[in-house]
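Throughout, a chain's letter reflects where its sequence line sits, starting with A, and its residues are numbered from 1. Basis for what follows: all heavy atoms, side chains included, without hydrogens, waters or symmetry-related copies.
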Protein chains: 4
Amino acid sequence: MKTLIKNGTIVTAGDTYKGDILINGEVIQTIGKDLDVEGAEVIDATGMYLMPGGVDAHTHLEMPFMGSTASDDFYTGQRGAAFGGTTTHIDFALMPQGGTLKQGIQNWHEKAKGKTVIDYGFHGALTSPSPEAIQEIPSLVEEGVTSLKIFLAYKGVFMVSDEEFYKALEKARDAGMLVMTHAENGDAIAEIMKKLLDEGKTEPRYHLDAHPAILEAEATGRAVSLAGQTGAPLYVVHVSCEDAAKQIEMGRNKGFKIMGETCTQYMHIFEDDMKVPGHEGAKWACSPAVRTPKDAEYLYRSLQNSTLQVVSTDHAVFWYEGGKDGRQGGKELGKGDFTKIPNGIPGIEDRLYINWDAMVNTGKITENRFVALMSTNPAKIFGLYPKKGTIAVGSDADIVFFDPKKEHTVSASTHHCNIDYNAYEGRKVKGMPVKTMLRGKLIVDNGKFLGEKGSGQFLRRKTNNPVL
Amino acid sequence: MKTLIKNGTIVTAGDTYKGDILINGEVIQTIGKDLDVEGAEVIDATGMYLMPGGVDAHTHLEMPFMGSTASDDFYTGQRGAAFGGTTTHIDFALMPQGGTLKQGIQNWHEKAKGKTVIDYGFHGALTSPSPEAIQEIPSLVEEGVTSLKIFLAYKGVFMVSDEEFYKALEKARDAGMLVMTHAENGDAIAEIMKKLLDEGKTEPRYHLDAHPAILEAEATGRAVSLAGQTGAPLYVVHVSCEDAAKQIEMGRNKGFKIMGETCTQYMHIFEDDMKVPGHEGAKWACSPAVRTPKDAEYLYRSLQNSTLQVVSTDHAVFWYEGGKDGRQGGKELGKGDFTKIPNGIPGIEDRLYINWDAMVNTGKITENRFVALMSTNPAKIFGLYPKKGTIAVGSDADIVFFDPKKEHTVSASTHHCNIDYNAYEGRKVKGMPVKTMLRGKLIVDNGKFLGEKGSGQFLRRKTNNPVL
Amino acid sequence: MKTLIKNGTIVTAGDTYKGDILINGEVIQTIGKDLDVEGAEVIDATGMYLMPGGVDAHTHLEMPFMGSTASDDFYTGQRGAAFGGTTTHIDFALMPQGGTLKQGIQNWHEKAKGKTVIDYGFHGALTSPSPEAIQEIPSLVEEGVTSLKIFLAYKGVFMVSDEEFYKALEKARDAGMLVMTHAENGDAIAEIMKKLLDEGKTEPRYHLDAHPAILEAEATGRAVSLAGQTGAPLYVVHVSCEDAAKQIEMGRNKGFKIMGETCTQYMHIFEDDMKVPGHEGAKWACSPAVRTPKDAEYLYRSLQNSTLQVVSTDHAVFWYEGGKDGRQGGKELGKGDFTKIPNGIPGIEDRLYINWDAMVNTGKITENRFVALMSTNPAKIFGLYPKKGTIAVGSDADIVFFDPKKEHTVSASTHHCNIDYNAYEGRKVKGMPVKTMLRGKLIVDNGKFLGEKGSGQFLRRKTNNPVL
Amino acid sequence: MKTLIKNGTIVTAGDTYKGDILINGEVIQTIGKDLDVEGAEVIDATGMYLMPGGVDAHTHLEMPFMGSTASDDFYTGQRGAAFGGTTTHIDFALMPQGGTLKQGIQNWHEKAKGKTVIDYGFHGALTSPSPEAIQEIPSLVEEGVTSLKIFLAYKGVFMVSDEEFYKALEKARDAGMLVMTHAENGDAIAEIMKKLLDEGKTEPRYHLDAHPAILEAEATGRAVSLAGQTGAPLYVVHVSCEDAAKQIEMGRNKGFKIMGETCTQYMHIFEDDMKVPGHEGAKWACSPAVRTPKDAEYLYRSLQNSTLQVVSTDHAVFWYEGGKDGRQGGKELGKGDFTKIPNGIPGIEDRLYINWDAMVNTGKITENRFVALMSTNPAKIFGLYPKKGTIAVGSDADIVFFDPKKEHTVSASTHHCNIDYNAYEGRKVKGMPVKTMLRGKLIVDNGKFLGEKGSGQFLRRKTNNPVL
């Protein structure tokens with residue numbers, strides 16, 4: 001079956017130009033001027049930017065965490081993603097405590113089975129770093145999993161020692177894999193939390209005190225140094241602040257192979273948002289914590305200057321009002337004890353339009369760099385390229401029809417994720433995805449969901465990917 | 001007339017993929033899998049990388065300078081460029097002393113007339129900064145000239161005051177133009193030169209003492225600050241050293257609109273090369289001076305980290321043994337007085353293969369970033385994109401057929417520029433342009449020059465180009 | 001005549017200890033435990049800190065400037081200084097336009113004659129930088145003047161070119177003298193001023209827009225680089241902001257011989273103070289302009305970290321309501337045109353108590369570092385040590401009796417300078433000088449002035465002083 | 001008993017001046033011009049600098065370590081110190097594994113008993129960081145021990161976790177104590193060591209590979225961040241390289257209470273010295289490892305700029321040829337396995353003359369800053385001031401007679417420590433201590449040792465000392 005998209009403006013990481021796209025089955029066959037193909041179904045894209053489908057490199061669907069489970073499963077979360085123009089995501093497959101990395105992968109395949117509507121891959125997550133688990137790292141490659149997250153945070157839960165981190169870096173390096181790290185000093189955070197609770201400081205706002213920027217910067221510098229020493233490439237997840245970004249900058253300027261991402265929330269939600277009275281602030285409890293507008297400015301520059309290469313979401317959603325009406329427990333679990341608020345924030349659906357409006361409409365980031373940040377770079381870094389991440393001959397026909405003139409007011413009342421609040425409630429944006437195509441088929445068309453449960457495919461990823 | 005390039009690997013700033021390219025007349029019409037077009041001339045590109053033709057943003061053909069004139073005119077220089085895979089360059093049109101900017105443009109059109117074999121544009125050069133000349137700046141746009149070079153160096157010749165620089169930045173900003181600057185402290189350099197000559201230090205190696213890195217870093221910091229204050233975008237030419245690159249980095253991290261280029265020589269020729277006995281070192285006399293391997297390493301990182309966006313050549317060639325056999329005066333003019341050595345170094349022909357070998361073969365820079373640095377970025381920054389700078393539907397069919405396996409030993413005995421030495425003499429490289437196509441016509445084919453004198457076109461450039 | 005100060009706590013740049021001080025004539029003869037000297041006049045200093053008399057390295061008494069003359073002459077200004085515990089200052093002897101440096105010195109001797117009540121020296125000021133004036137620099141040494149101020153600011157008035165600055169650095173270096181510089185980019189400031197006035201922005205607050213921090217940082221970096229290149233020592237006057245301090249830090253970390261001072265006002269008066277309605281803000285018009293509390297924090301750290309070595313005042317006072325009642329023109333001259341506000345701020349009297357309260361009482365700076373900043377360092381840097389700047393055997397008996405418990409509310413109604421406003425009006429401080437001794441004689445005693453007009457001595461200063 | 005030192009030049013952290021010193025018993029009673037005291041023994045100090053006795057803040061006498069014990073005990077080591085002009089040192093009292101901090105102190109008192117010839121204090125060392133030990137920290141104050149060393153290095157031996165470090169910082173802060181840290185990443189070093197040995201890399205030079213600068217910088221940054229977060233003051237011991245010094249600089253510029261020392265060896269012994277063939281390099285095996293001359297230059301600037309405040313020695317001596325002739329095992333223990341070389345280097349005797357020659361004679365450091373680094377600063381930081389660390393009325397009469405003209409060639413054949421090699425063998429220096437006075441008594445006089453065993457006193461130290 002052939003589909004011909006006519007009259008759009010194609011935007012890739014490198015180029016912006018007018019062209020028609022001919023899709024044959026699932027793949028882009030031809031791009032040309034005034035293409036005319038007999039028998040092809042024609043979709044008119046006049047006035048549209050045609051961008052490669054978003055690749056969200058950092059999500060947590062149906063994740064068991066802090067005594068509950070994220071409310072978006074592989075169906076609701078992926079459906080939200082599709083509405084937002086994202087056609088690929090990579091989810092973290094947490095290994096079971098005391099189990100193996102492969103069991104983590106297996107468990108995640110179970111979660112995904114029959115529910116998927118966009119394509120997806122898995123990162124491993126070394127949450128139980130026994131010597132055996134470290135030995136097991138290279139075998140993930142056979143599973144099509146070529147990246148591995150390691151936590152320097154969440155003491156007593158996921159946190160590893162420097163020894164384990166160092167060994168894992170070496171193992172991953174030798175296997176052509178990429179280590180990702182959550183960089184906060186878990187030891188210090190645990191001490192601060194105890195002290196705050198001892199002092200009766202239990203409201204959500206104290207989450208900020210427990211996650212100061214200096215402890216993120218410290219762990220980032222440590223991870224950068226250890227990676228630099230081993231020669232392993234490193235990808236720092238959810239960089240939230242200037243001081244942490246500078247640690248990456250310093251590492252790159254030493255010639256270390258360091259990359260990093262930030263997430264939408266760190267450029268839009270700030271400390272003051274958490275300091276509201278009552279429990280409302282719990283909505284924004286994520287780790288690292290949200291920071292200041294000054295930090296956000298530095299993040300924009302870091303994205304522009306290639307200190308950071310990717311914008312993802314860390315989508316991990318917990319009901320604001322959970323534990324009733326059939327809902328699992330949510331943010332209310334942390335009433336009276338901020339350390340019990342399930343950490344996480346929604347964003348898989350909002351990523352493209354929120355950031356386009358804040359980056360491209362303001363002139364901070366070109367449309368090409370935007371595509372690189374949202375799709376091409378994560379596809380390249382995580383071994384999905386050129387199947388994913390671009391609009392080019394031979395690539396999957398994952399295409400977002402993005403209407404730069406369409407205005408929208410973000411709201412939980414209209415979003416599609418399974419969550420009772422939206423992190424960007426009430427924001428007005430200009431520029432919206434209006435159609436989303438996955439491998440040649442429209443899965444969203446002007447507000448209508450056309451995807452079929454189970455049609456999303458698992459993506460086996462390559463090793464030895466470039467350092468951008 | 002249609003041409004079909006089959007079986008190549010297309011490399012752009014964003015993408016690497018296999019595809020066939022159909023050219024209709026001068027322009028790329030279609031890119032596709034297994035294209036088959038009746039009546040089209042077919043060129044097989046098996047094993048080739050197909051990259052957009054090089055854009056050299058910094059050249060000085062037939063430039064009158066320091067008592068002589070550069071020996072490459074628009075024919076010999078452009079022919080050399082074509083052999084090296086460069087299909088576009090932007091030359092500096094120096095205004096005559098006491099004249100107008102437009103007279104500079106006019107003079108350069110005269111030089112080019114009838115000789116050109118690749119496409120070209122002009123930068124203005126504010127070498128005689130009267131109030132009238134500063135007023136004249138915006139009118140360059142009508143000439144298709146949207147960038148303007150301003151010298152903080154060459155005291156008594158081209159150098160401007162900070163007042164003139166500041167005013168020019170404001171004028172250019174308001175006209176959507178881009179200021180480029182040669183950043184060295186001309187005042188201090190003049191003092192040092194006098195002192196060195198007074199001390200009888202006349203050999204070429206003292207050129208290094210007269211151009212210390214700290215004076216480039218100073219002027220770079222000054223230009224960055226003044227541009228930042230005005231809000232004007234700025235492009236620093238020929239950044240040679242770590243300290244200057246860091247000034248750009250600091251400016252970008254403050255949110256200023258700063259960009260920069262380095263040139264091939266600063267990554268391959270070093271202070272020790274100039275410190276040879278006799279006059280030999282004069283070959284490498286250029287300003288800023290060559291630096292150290294440590295600086296070169298920082299430049300690679302700056303190109304990778306987007307502190308710098310472009311690699312150009314500053315191609316300005318003077319005979320090593322001039323003033324005889326019908327040659328104009330050359331480097332020998334500076335025997336006994338290094339300050340009289342005509343400054344400049346060849347490179348327009350060597351840029352792609354020298355840098356490919358040093359950057360891509362070593363894994364320092366991806367092939368996509370290489371294309372960005374050599375072609376796409378200068379095309380975008382200087383308002384030539386998307387006509388130039390990429391392989392995309394609708395763009396000029398300026399295509400380099402680059403054989404990544406072909407080995408070559410660089411030599412003046414085989415190069416094509418009109419100059420009796422090669423800056424990279426004896427280097428072995430792997431990866432060479434073997435065919436060069438300009439607007440759909442091969443102008444170089446396996447060592448044979450097919451271009452026609454006068455066929456190169458002047459390029460009128462756009463204003464308000466992106467800051468990368 | 002002998003005087004014995006008993007029971008005080010002696011505080012020097014290095015030490016804090018209890019001891020009695022025996023003064024013989026003008027000089028400290030002995031320091032000891034429980035001294036008992038027949039015939040000596042005894043002064044009890046129980047509860048007092050005994051510190052060396054303040055050395056204010058940066059003052060402008062009776063300076064003709066911007067169409068008026070500073071209202072404090074050598075009598076009123078020095079008397080104010082004495083009340084504040086300062087027993088030595090170094091004033092800037094401006095050369096007359098078109099005249100010689102020595103004429104400047106001569107003129108300043110005239111101003112001082114018969115009026116002085118504390119000791120004093122002169123800095124030269126190269127305000128008219130002809131080649132002859134540059135040649136003249138070393139001859140200042142014969143006058144006992146071993147430092148020279150050079151302006152990169154005040155275009156069209158005092159500003160020099162980089163060439164002149166560079167030559168002067170070399171001359172001064174060879175003569176063992178120290179160059180001081182006012183680092184702001186005068187060219188850019190002149191342009192901004194014109195533009196602001198063109199836009200009708202004439203109120204005092206626009207002085208801030210005309211003097212942005214980036215233009216101070218630029219000129220500081222430039223001065224640091226040029227000094228570094230020549231190997232000359234450099235002292236940057238009135239550093240006001242973090243970005244400028246960092247330039248000094250970078251220079252010192254490169255091994256350049258750079259020092260710097262800040263002034264009281266930059267740690268206590270901020271942009272918001274100038275943004276008040278009406279003409280009130282004119283009181284704080286000085287160059288560089290006042291900055292932000294964040295800058296002040298960095299200045300404290302720079303003083304602690306030895307990036308800066310001295311706190312001085314830049315005391316240059318103009319009536320807030322001048323031009324009437326026999327007063328010369330003052331701040332009112334700039335009504336309707338902020339560029340005509342005579343620049344300057346009072347402080348010679350307030351320096352010790354304002355800074356003690358802000359630095360020592362808060363624990364930011366030890367009492368020893370305080371003495372270094374206020375007295376010992378300027379004495380050493382400017383060649384007055386060990387005659388001035390310490391309490392040690394053989395030094396002049398210039399001693400402040402400082403009562404750390406005495407509280408005071410600063411006010412123009414009680415200060416002793418000839419000026420109708422106080423920059424620190426209304427501040428409450430703890431810790432005040434209660435007696436001031438100059439060369440063995442009390443010149444202030446508990447609010448009573450005992451000095452005799454003409455008793456202050458001119459200080460011939462040494463060359464080749466240390467870089468601290 | 002009274003002693004009068006006449007005609008010397010007194011040098012303190014703040015001052016240089018001529019004066020006579022009258023000592024009454026153990027204490028300085030009077031400093032004056034031309035003192036004449038009946039009955040006093042007169043020592044002529046013509047031509048001498050009189051400096052406060054050196055305070056070596058970092059020594060390890062008779063330390064059990066790596067299967068042996070340091071060969072200098074409290075007699076031989078202190079005697080060496082005395083010859084070198086050091087009259088006070090602070091030794092690290094290691095707690096026994098599984099024991100208490102106080103037992104460590106007790107054990108060290110045992111070692112010292114009856115042997116001491118100069119004064120001394122103890123630092124605690126948290127080498128076995130149980131919860132009980134952390135609780136015990138404040139009680140050290142009762143022992144007169146107000147500083148505590150914590151190791152981020154020596155995995156499996158002394159190393160603590162970040163949690164333990166953080167808790168100890170808080171405990172120490174609340175008790176007014178100072179935490180000192182050995183900052184290297186012990187986890188990573190252990191991994192590298194294993195790998196090197198696996199690869200058969202066993203010679204002493206591989207000690208360098210096992211202790212790269214980046215792992216010192218990492219741990220320094222971590223310690224700085226954690227201290228900054230707690231608000232506790234921190235003192236980083238033996239800073240060896242530019243990257244670590246910069247971490248301290250960054251911390252200080254953030255307003256954290258960070259100080260640091262370097263040791264003589266890091267400015268004089270370099271990587272190339274360890275890379276000699278055979279086992280010779282074992283002499284220089286210390287941790288952190290020796291670095292490069294470029295690092296040393298940065299250390300000089302850091303000492304000048306107050307990034308670092310102290311020069312100490314880390315004196316820990318092991319025979320080069322031990323295990324025979326009654327000697328304990330020494331450097332030969334590491335033949336065939338560099339990880340078994342007892343770490344340490346001599347220096348307690350050499351500190352003053354080696355550094356005077358390298359710092360003061362070259363003009364890098366003033367004589368006053370030299371005294372601060374060698375004596376006054378450690379005395380203040382560690383709570384010994386003003387009893388120790390200066391020449392002032394009321395202070396102990398610990399005085400070095402330093403002859404700035406005396407030349408000496410350093411050699412193990414003439415030094416006085418109990419060790420068969422000298423780290424600075426063969427160096428010629430100018431400037432030597434010729435007499436050393438402790439509490440009013442000469443203990444060394446022109447090469448003759450006059451001290452009495454057991455006469456050195458234990459120094460109880462103060463809490464809440466200043467951050468310099």
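Annotation: maximal heavy-atom pairing with chain D below 4.5 Å, among C:T366, C:N253, C:T376, C:T12, occurs at C:N253. Ranked by heavy-atom pairs under 4.5 Å with chain D, the list C:N24, C:T307, C:D34, C:T16 is led by C:T16. Per-residue heavy-atom pair counts under 4.5 Å with chain D were compared for C:A13, C:S306, C:G363, C:A372, and the maximum is reached by C:S306. If you tally non-hydrogen atom pairs under 4.5 Å between each of D:I31, D:T30, D:I10, D:L22 and chain C, the highest count goes to D:I31. Chain C forms more heavy-atom pairs under 4.5 Å with one residue of D:L35, D:V467, D:I28 than with any other, namely D:V467. Of the listed residues C:P466, C:P386, C:G255, C:G394, the one with more heavy-atom pairs under 4.5 angstrom with chain D than any other is C:G255.
Using a 4.5 Å cut-off between heavy atoms, D:L468 contacts chain C through both its backbone and its side chain. Of the atoms belonging to D:K380, it is side-chain heavy atoms, and not backbone ones, that fall under 4.5 Å from chain C. Looking at C:K364, neither its backbone nor its side chain comes within 4.5 Å of chain D, counting heavy atoms on both sides. For D:N368, the part lying under 4.5 angstrom from a heavy atom of chain C is the side chain only. If you measure heavy-atom distances from D:Y300 to chain C, you find no contacts under 4.5 Å at all.
Closest heavy-atom contact between D:R252 and C:R301: O-CD, 3.7 Å. When all heavy atoms are compared, the tightest approach of D:V393 to C:Y17 is O-CD1, 3.5 Å.
Within a 6.0 Å sphere centred on NZ of C:K387, heavy atoms belonging to other residues, nucleotides or ligands number more than 12.
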